[in-house]
Amino acid sequence: MIWVISRFIVEAYKKVSDSGKDKIVEKTGVNSSIMTIPDSGCVMENGASCLPCTPEEEKKIVTDLRNESERNLKEGNLYFVISSSWFRKWERYVGIDGDENLIGNQSSDSRHINGASSVVAERPGPMDNSDIVENGSDSDIKGNDIQLRRMLMEGQDYVLVPQGVWEKLHGWYKGGPELPRKMILQGVYHKKFDVEVYPLCLKLIDSRDESQSTIWLSRKASLTELFQKVCALKGIEQDKVRIWDYFNKRKYAQLSVSNKTLEESNLQMDQDILLELVDGHQSSKIGMDSTGNDLALVSLEPSRSPLTIAGGPTLSNGHSGYRSNLYPGSSLGSGLADMDDGFEACNSARKVEKGGLAGLQNLGNTCFMNSALQCLVHTPPLVEYFLKDYRAEINTDNPLGMHGELALAFGDLLRKLWSSGRTAIAPRVFKGKLARFAPQFSGYNQHDSQELLAFLLDGLHEDLNRVKQKPYIEMKDSDGRPDEEVAAECWKNHKARNDSVIVDVCQGQYKSTLVCPVCSKISITFDPFMYLSLPLPSTITRTMTVTVFYGDGSRLPMSFTVSVLKNGFCKDLLLALGTACGLKSDESLMLAEVYENKIYRYLEMPLEPLASIKDDEQIVAFRFQKKEIGKTRLVIFHRWQEKAELFGTPLVTYLVADQSSGADIEAAVSKVLSPFKKISSAKAHVGKENGILLDGLDEECSCSDAQSVENAELEGTSCRDLSIPLRLTDDRVMNFNAFKKDTLFESGKIIGKLLRVVLDWTDKEQELYDSSYLKDIPEVYKAGLAAKKTRQEAISLSSCLDAFLIEEPLGPDDMWYCPRCKEHRQAIKKLDLWMLPEIIVFHLKRFTYGRYLKNKIDTFVNFPIHDLDLSKYVMSKDGQSYLYELYAISNHYGGLGGGHYTAYAKLIDENRWYHFDDSHVSAVDESDIKTSAAYLLFYKRVRSESKVEAGEASHSNSIS
């Protein structure tokens, strides 16, 4: 009986879908619970299950399951990896458009794949993950034993779906292979859920025959689980084996059965582990020296070499005798004495080499970390500090810190890098600490060197904060007091809570001024900074043509061509467009992309990069009263009734009432359509005399005389009555339902406050309305129609600073609460530099992120290597020297989602630059270090002899 009812529903749906003309879907009267029958037992020709689910039902089921999973996040939850190429086909089939895609990382180019098309998308075949699985993977193998191709990006190459979603999709479509992955909980103080897409891959070497096997385990798996898996694989009893951490083919540490995780044991992706038998019957020389003896674990104590650090003191025996375990027997020293980093290669028998020239091994997409670390460990004041005994300053009780563990790990790594000659270091212990305290950097994905630098500077500061008990300080308003007084007070308050070597060396102070645009209230604050993120002010412009539609139906649409910065944002386009069309202060523009007669996406994010808008796209803007925004949005589609196909640009307006009737919807649609109505020239003259806006209309009219025109405008009668059939539709514009004039629509019950209707056009309506304005929408850019291109000027570091310090209004999502108006205002903000630190880091903002596109700006920035004079930018006259010279650069080559980081650093005593590319270190000419890959610039202050004493005294006074 269940099968019969299911078949009836499927056939009924099929008849409606296959009909030549769309019809209103009537209610079948069948109980809705029957629609959720889990299995119908029938199979389609392509192998997929033909469940009685419409595309809309599939979409709702998956969305509900996904939302339920989000509400119940916990460690151990199963997620499944699905190829994006298949998943996008499914999204297109169920009608998920660009604004609501489940992937969340889609590029604008994907609109041609899963955009809103007027053609019904085909039901996808069985799920196919073959394009994301390594070649040669056996389809019979399941789970974590199937290898994903490396370097895949979530959203672009694959999506993650909860177990419930996978089970539904697999039940409907079959296919595979299935790729389950577990959710893990990362971090100590800042916990974060993450799906472990790439489990840890370990290469097991059997010392008996030197054979190799591959093992995949979660990095959160215990050493006990590792022993169990190895013993099961080799058929050996657990008490008869030894397993060694065999990183770089050297015995670093013997692993023991315990609950310690593989991550805590510093095991890395693709590294070796060595299997030995306890009974001593080994036939291999693996792990032995040239005499046949086991290689001993050597001390971590650095070699005692009288080398000179860049800008720091001579490394004496007193300093080189430092050991990483500062607190024997305490947790602070645990893990740091691991035979890490390839450091044992540097021993007393080695020839003494200069320090600071050791590379860092890449542990799997860790070039971003290596680049930032090389810049920091070549920062002269930090080198001097960490080569001394800094134990007294470690703050183990700071709740904002990492109990000193991050500072210890960094200090230990810095000492190794300055003591190992040219031997490359593998920063496994440091990476382990990083993953523990900053889970966003765990795993083996590429990250941003600037984000890591920001975390390190802040983390080191909190670990070394000399303030043990932070006092509560109530901040005062400036209240017209002199800037010098307010700045000194703010810095004193800051130092009362934050006092470390990082503050001493890396923190400056800037002045922030906010002005209320309504009451002119001025608010001035002085805030600390650790680096400056500078925008790149491109001088290249592009012309963009946008068609503006009037949401109130007051005018015909009009196209405007404006010039904007190529690397600008949607807010820049809106500003230029508003000026061109004479936008009033109480009006607003909303941008949208039209694709195949539907609105593919709304460009509502002010910081959406303009690079996401291609030249061949059609962009429109809808002009509204600001007071209407937030009400129910009404989208009006156009369809040829005879051909049953969409045409033209959808129109958008708003229903301002909290409750609207069918008659209100018809009136709103009629109002928006009114400019397109054809009238005769005689009536146009009459209309003009009566103050009616009739510009651009043709010479036909259905109104009989001038009085009817006046009545139509002033009383809303015949000329404003809607003659075109109007129906409600869904997000796919596939189903159509009639509604009555007295049907009520409550704003609070409308999903997303969005209603969609379709106008069914016939030949009769074509005679009454001029639809050419809906169809002839120009592209953003047409070759030959653009204005002359602006020649690109050289971008200098000073122009980036000017752009950073320019006065500009706050964004609509960053409003300021005015204490005088008692309301949030879009205040005018101005930044000024007040006090600069000893070390200043400039972050060149090469990466822009929008909803639809991540973009990198490869513009060359001309920055000085010597004599960077910042005195003209500093408002405070404290006698300090503001002359700086460059000593390190973090570079990024390539595009987003990949690319490669390197570093340039200068050995001050040698006056020579070196290139640090992971393990490889080579000398480089100073003339070659200025490239378009420069991402982070590190400068140190140059003090003239005459200003040293005065500068130090002034700085001391300013912070006392």
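The structure displayed is predicted, hence computed values, not measured ones.
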Taking the side chain as every heavy atom from C-beta outward, state whether L805 and Y510 have any atom pair closer than 4.5 Å. no

Under the side chain to side chain contact (heavy atoms under 4.5 Å, CB included) test, which residues partner N72, sequence neighbours left out? E68

Main chain of L376, side chain of T379: is a donor-acceptor contact present, judged purely on distance under 3.5 Å? yes

Under 4.0 Å between a side-chain nitrogen and a carboxylate oxygen: does that hold for K476 and E474? no

Between D499 and R466, does any side-chain N to carboxylate O distance fall below 4.0 Å? yes

Between CG of N395 and CD of E462, what distance do you get to the nearest 0.5 Å? 8.5 Å

By ring-ring contact (aromatic ring centres under 6.0 Å, His included), which residues pair with H447, not counting sequence neighbours? F368, F441

Any donor and acceptor pair, going by atom type alone, linking the side chain of D463 with main-chain N or O of M402 inside 3.5 Å? yes

Can you tell me how far apart CG (L844) and OG1 (T859) are? Round to the nearest 0.5 Å. 10.5 Å

For the atom pair SG (C375) and CG (L453), what is the distance rounded to the nearest 0.5 Å? 8.0 Å

Taking side chain as C-beta onward, heavy atoms only, is I502 less than 4.5 Å from M530? yes

Under a 4.0 Å threshold between the charged nitrogen and the carboxylate oxygen, would K495 count as salt-bridged to D504? yes

For E587, which residues count as a salt bridge (Lys or Arg N to Asp or Glu O under 4.0 Å) partner, sequence neighbours excluded? R623

Any chance NZ of K845 has more than 12 other-residue heavy atoms, nucleotides or ligands included, within less than 6.0 Å? no

Quick one: are V652 and M590 in side-chain contact, heavy atoms under 4.5 Å? yes

Residues at least two apart in sequence or cross-chain that pass ring-ring contact (aromatic ring centres under 6.0 Å, His included) with Y882, listed by chain then number, are none

Which residues pass the ring-ring contact (aromatic ring centres under 6.0 Å, His included) test with F526, sequence neighbours left out? W834

Can you confirm whether more than 12 heavy atoms, excluding those of K470, are under 6.0 Å from its NZ atom? yes

Just jot down the ring-ring contact (aromatic ring centres under 6.0 Å, His included) partners of Y817, sequence neighbours excluded, or say none. H824

Sorted by first residue and then second, give each ring pair (Phe, Tyr, Trp, His ring centres under 6.0 Å) pair with at least one member in residues 454-480; sequence neighbours left out. none

Using side-chain heavy atoms (C-beta onward) and a distance below 4.5 Å, is E807 in contact with V515? no

Please collect all salt bridge (Lys or Arg N to Asp or Glu O under 4.0 Å) contacts where either partner lies in residues 557-581, sequence neighbours excluded, each pair once. none

Does A592 have any side chain to side chain contact (heavy atoms under 4.5 Å, CB included) partners at least two apart in sequence or in another chain, and if so, which? I599, Y602, V620, F622

Check G553 against S674 and note the closest heavy-atom contact, atom names and distance. O-OG, 3.4 Å

Output all residues satisfying salt bridge (Lys or Arg N to Asp or Glu O under 4.0 Å) with D858, sequence neighbours left out; order by chain, then residue number. K856

Working to the nearest 0.5 Å, report the span between CG of L573 and CE of M544. 5.0 Å

Taking atom CD1 of I806 and atom CG of L801, what is their separation to the nearest 0.5 Å? 12.5 Å

Salt bridge (Lys or Arg N to Asp or Glu O under 4.0 Å) partners for K521, two or more places apart: D477

Taken to the nearest 0.5 Å, the spacing of L565 CG from R542 CZ works out to 11.0 Å

Side-chain contact test, heavy atoms from C-beta onward, threshold under 4.5 Å: evaluate it for S660 versus T632 and give yes or no. no

Considering only heavy atoms from C-beta outward, does the side chain of N465 approach that of N498 to under 4.5 Å? yes

Considering only heavy atoms from C-beta outward, does the side chain of Y935 approach that of S449 to under 4.5 Å? yes

My understanding is that only residues two or more places apart in sequence, or in another chain, count here; which of them pass salt bridge (Lys or Arg N to Asp or Glu O under 4.0 Å) with R820? none

